[in-house]
**Student:** 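My structure is below; once you've seen it, I'll send some questions.
Computed from a prediction, not measured in an experiment: that's the story for all the values here. When reading the values below, keep in mind they use all heavy atoms of this one structure, side chains included, and skip hydrogens, waters and symmetry mates. Along the sequence shown, residues carry numbers from 1.
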Amino acid sequence: MTSIPFFDNRRAVERVIPGLEAQLPSMLAQSTLVNGEQVRALEAALRDYTAGAHAVAVGNATDALVIALRAIGIGPGDEVIVPCYSFFASVSCILHVGAVPVFVDIEPDTYSLDVSRIEACITSRTRAIMPVHLFRQMADMDAVLAIARRHGLFVIEDSAEGIGMRHNGRHAGLLGHVGVLSFFPTKTLGALGDAGLVLTDDPVIAERARFIADNGRDAQGMAQLPGMNSRMDDLQALYLRLQLEHLEDDIARRARCVALYDDGLAAVGSVIRSPRVARRESAQRVVDYVYLIETEARDALARHLARCDIGTETYYPLPLHLQPACRHLGHCEGDFPVAEAASRRALALPLYPELTDEAIANVCARIHEHVRSRLGEPA
């Protein structure tokens, strides 16, 4: 049986090698290889793709979140409302600036921030809401923005997974005051290593973000505020610009993979389900970053697929409020039941443009095999 890794970008790398080889000599002749000409070219290309006014390339998306928070003035004692089910960077960035994360549970059908619970969490110290655009769809941004306007709050979009996602034609990260994109290698648009972006239409936020990312310095090299070193390498920028040319084709291929999974797993829908956005789909352009399924027998299924040499990932094994680093916030099991159930039930299957139809059929067949064995039917 052929191995099916959870992620494999070898062919994606291979397709841009000719472009890299052609442009590498001129890149190496630049006066700087960090935050240089290639980075400026990538920022311009991403402004065009997203229709955003400002794009600030940084070292990674975790830094981008910290920079975004600092750029709008979030600091010690401020409260930021955030979903309790996400990658830990969604809360570590808040802790890094000395602010207090205020957790909200998620919707069971979308895994997005449950907007119906936001207003009950707002206090006199609340400064911002940070929705997370997770797996394939954006959070309910119409509701988030309406709440933020009523209470005078900033909106920071953790759109790390959001490249290509749009709501009413607006790209993820551009509906609130500031957003971020991640270019970690597994992302829909992935670099060779770490890379990220701050995205905004606000020139003041953009200028502050650029200062912060470059040790607080302005264009003349004068430190305007305490900053950090989070500049993108030009090699990553060149690589990303070449991959950006294939992004729409990759998104289409991901959608085809999802359709094949949906068809292949339809017969076990009573045991395996895939959370889906429904009511907002008409206004959204979804982009399938992860193919997520839910099952009560999640860990047993993951072990079965591993024995079949099929890679999976658990998104996420522990909600944010139960992570050791958040223990001081005083939460306990049972506080956010939807997120806690998701952490017990959710499993991600292989999904990337290079995944073949045959590989998807194999994954589905192995899942059927597992379900039949648990139900006591012949395999």
**Student:** Would you call the rings of Phe154 and His177 parallel, tilted or perpendicular, taking 30° and 60° as the class edges?
**Tutor:**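 Perpendicular: the ring planes of Phe154 and His177 meet at over 60°.
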**Student:** For Asp357 and Arg256, run salt bridge (Lys or Arg N to Asp or Glu O under 4.0 Å): C-alpha distance rounded to whole Å, both residues' side-chain angles, the deciding distance at 0.1 Å, then the answer.
**Tutor:** CA-CA 9 Å; Asp357 294 8; Arg256 172 175 167 78; 2.3 Å; yes
**Student:** In Å, rounded to the nearest 0.5 Å, how long is the span from CD1 of Ile293 to CG of Leu301?
**Tutor:**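 Rounded to the nearest 0.5 Å, the CD1-CG separation comes to 5.0 Å.
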**Student:** Does any N or O in the side chain of Asp202 come within less than 3.5 Å of the main-chain N or O of Val204, such that one atom is a donor and the other an acceptor?
**Tutor:**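 Yes: the side chain of Asp202 pairs with the backbone of Val204.
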**Student:** Checking Asn9 against Glu354: is there a side-chain donor and acceptor pair closer than 3.5 Å?
**Tutor:**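 Not at all, the side chains of Glu354 and Asn9 share no donor-acceptor pair under 3.5 Å.
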**Student:** Looking at Tyr85 and Ile106, would you say the former's side chain and the latter's main chain have a donor-acceptor pair under 3.5 Å?
**Tutor:**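 No: the side chain of Tyr85 does not pair with the backbone of Ile106.
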**Student:** Between the side chain of His171 and the main-chain N/O of Gly164, is any donor-acceptor distance below 3.5 Å?
**Tutor:** yes
**Student:** Given Asp78 and Arg127, is the salt bridge (Lys or Arg N to Asp or Glu O under 4.0 Å) satisfied, shown in steps?
**Tutor:** CA-CA 6 Å; Asp78 294 334; Arg127 293 285 310 286; 3.0 Å; yes
**Student:** So, taking the atom named CG in Leu20 and the one named CD in Glu14, what distance separates them when rounded to the nearest 0.5 Å?
**Tutor:**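 If we round to the nearest 0.5 Å, Leu20:CG and Glu14:CD are 12.5 Å apart.
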**Student:** Hey, any chance Ile4 and Val290 share a hydrophobic cluster, counting ILVMFWY side chains that come within less than 4.5 Å of each other, even indirectly?
**Tutor:** yes
**Student:** Spell out, as yes or no, whether a donor-acceptor pair under 3.5 Å connects the side chain of Arg166 to the backbone of Val286.
**Tutor:** no
**Student:** Using the rule that Ile, Leu, Val, Met, Phe, Trp and Tyr join whenever any side-chain heavy atoms are under 4.5 Å apart, tell me whether Val180 and Ile205 fall into a single cluster.
**Tutor:** yes
**Student:** Is it true that a side-chain atom of Arg70 and a backbone atom of Pro226 form a donor plus acceptor pair closer than 3.5 Å?
**Tutor:** yes
**Student:** Within the side chain of Asn215, is there an N or O that forms a donor-acceptor pair under 3.5 Å with the backbone of Arg217?
**Tutor:** no
**Student:** For a quick check under 3.5 Å, do His246 and Asp250 share a side-chain donor-acceptor pair by atom type?
**Tutor:** no
**Student:** Whether the Thr186 and Tyr289 side chains hold a donor-acceptor pair (N or O, under 3.5 Å, no angle test) is what I'd like checked.
**Tutor:**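 Yes - a donor-acceptor pair under 3.5 Å links their side chains.
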**Student:** Is it true that Glu79 and Thr123 share a donor-acceptor pair across their side chains at a distance under 3.5 Å?
**Tutor:**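 There is such a pair between these side chains.
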**Student:** For a 4.5 angstrom cut-off between non-hydrogen side-chain atoms, does Asp105 reach Pro337?
**Tutor:** yes
**Student:** Got a donor-acceptor contact below 3.5 angstrom from the Thr50 side chain to the Leu46 backbone?
**Tutor:**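 Yes, because the side chain of Thr50 sits within donor-acceptor range (under 3.5 Å) of the backbone of Leu46.
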**Student:** May I have the step-by-step check of salt bridge (Lys or Arg N to Asp or Glu O under 4.0 Å) for Glu248 and Arg254, ending in yes or no?
**Tutor:** CA-CA 10 Å; Glu248 288 301 310; Arg254 285 173 173 270; over 6 Å; no
**Student:** Tell me, do Val82 and Val102 make a side-chain contact under 4.5 Å, heavy atoms counted?
**Tutor:**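 They are not in contact (no side-chain heavy atoms under 4.5 Å apart), so the answer is no.
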**Student:** How long is the span from the CG atom in Leu238 to the CD atom in Gln23, to the nearest 0.5 Å?
**Tutor:** 5.0 Å
**Student:** Flag yes if Val97 and Leu153 sit in one hydrophobic cluster, no otherwise; membership is Ile, Leu, Val, Met, Phe, Trp, Tyr, and two members link when side-chain heavy atoms are under 4.5 Å apart.
**Tutor:**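 Val97 does not cluster with Leu153.
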**Student:** Using the rule given for side chain to side chain donor-acceptor pair (under 3.5 Å), can you reason through Glu340 versus His321, listing the C-alpha separation, both sets of side-chain angles and the distance that settles it, and then say yes or no?
**Tutor:** CA-CA 10 Å; Glu340 291 167 26; His321 66 287; 2.8 Å; yes
**Student:** Should we say atom CZ of Phe87 is surrounded by more than 12 heavy atoms from elsewhere, each under 6.0 Å from it?
**Tutor:**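 No.
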**Student:** Check whether Val371 and Val363 end up in the same hydrophobic cluster, where Ile, Leu, Val, Met, Phe, Trp and Tyr are linked by side-chain heavy atoms less than 4.5 Å apart.
**Tutor:**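 Yes; Val363 is reachable from Val371 via cluster members.
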**Student:** Check whether any side-chain N or O of Glu43 sits under 3.5 Å from a backbone N or O of Ala57 as a donor-acceptor pair, and report yes or no.
**Tutor:**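 Answer holds: yes.
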**Student:** Are Ile129 and Val178 connected in a single hydrophobic cluster, I mean Ile/Leu/Val/Met/Phe/Trp/Tyr linked by side-chain heavy atoms less than 4.5 Å apart?
**Tutor:** no
**Student:** Could you measure the distance from the CG atom of Leu322 to the SG atom of Cys332? Nearest 0.5 Å is fine.
**Tutor:**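 Reported to 0.5 Å precision, the distance equals 8.0 Å.
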**Student:** Under a 3.5 Å threshold, yes or no: a donor from one side chain and an acceptor from the other, between Arg208 and Gln224?
**Tutor:** no
**Student:** Judged by modelled atom types alone, do Tyr239 and Gln38 share a side-chain donor-acceptor pair under 3.5 Å?
**Tutor:**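 No, because no side-chain N or O of Tyr239 sits under 3.5 Å from a partner of the opposite role on Gln38.
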**Student:** Any cation-pi pair here, Arg345 with Tyr111, using under 6.0 Å and within 45°?
**Tutor:** no
**Student:** Check whether any side-chain N or O of Glu119 sits under 3.5 Å from a backbone N or O of Ile147 as a donor-acceptor pair, and report yes or no.
**Tutor:** no
**Student:** If you measure from OG on Ser343 to CG on Leu318, what distance do you get to the nearest 0.5 Å?
**Tutor:**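 Atom-to-atom, Ser343:OG and Leu318:CG are 6.5 Å apart.
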**Student:** Check Arg170, Gln284, His133 against Met141 for a side-chain contact (heavy atoms from CB on, under 4.5 Å) and give me the one that passes.
**Tutor:** His133
**Student:** Does any part of the side chain of Phe135, heavy atoms only, come nearer than 4.5 Å to the side chain of Glu161, both counted from C-beta?
**Tutor:** yes
**Student:** Would a distance-only check, ignoring hydrogens and angles, find a side-chain to backbone donor-acceptor pair under 3.5 Å from Glu157 to Leu174?
**Tutor:**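 Pair found, side chain donor or acceptor close to backbone of Leu174.
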**Student:** Determine whether Glu37 and Arg40 satisfy the following criterion, salt bridge (Lys or Arg N to Asp or Glu O under 4.0 Å), listing intermediate values before the conclusion.
**Tutor:** CA-CA 5 Å; Glu37 296 170 25; Arg40 301 287 86 79; over 6 Å; no
**Student:** Once the angle between the rings of Tyr261 and Tyr291 is folded into 0 to 90°, is it parallel (under 30°), tilted (30 to 60°) or perpendicular (over 60°)?
**Tutor:** parallel
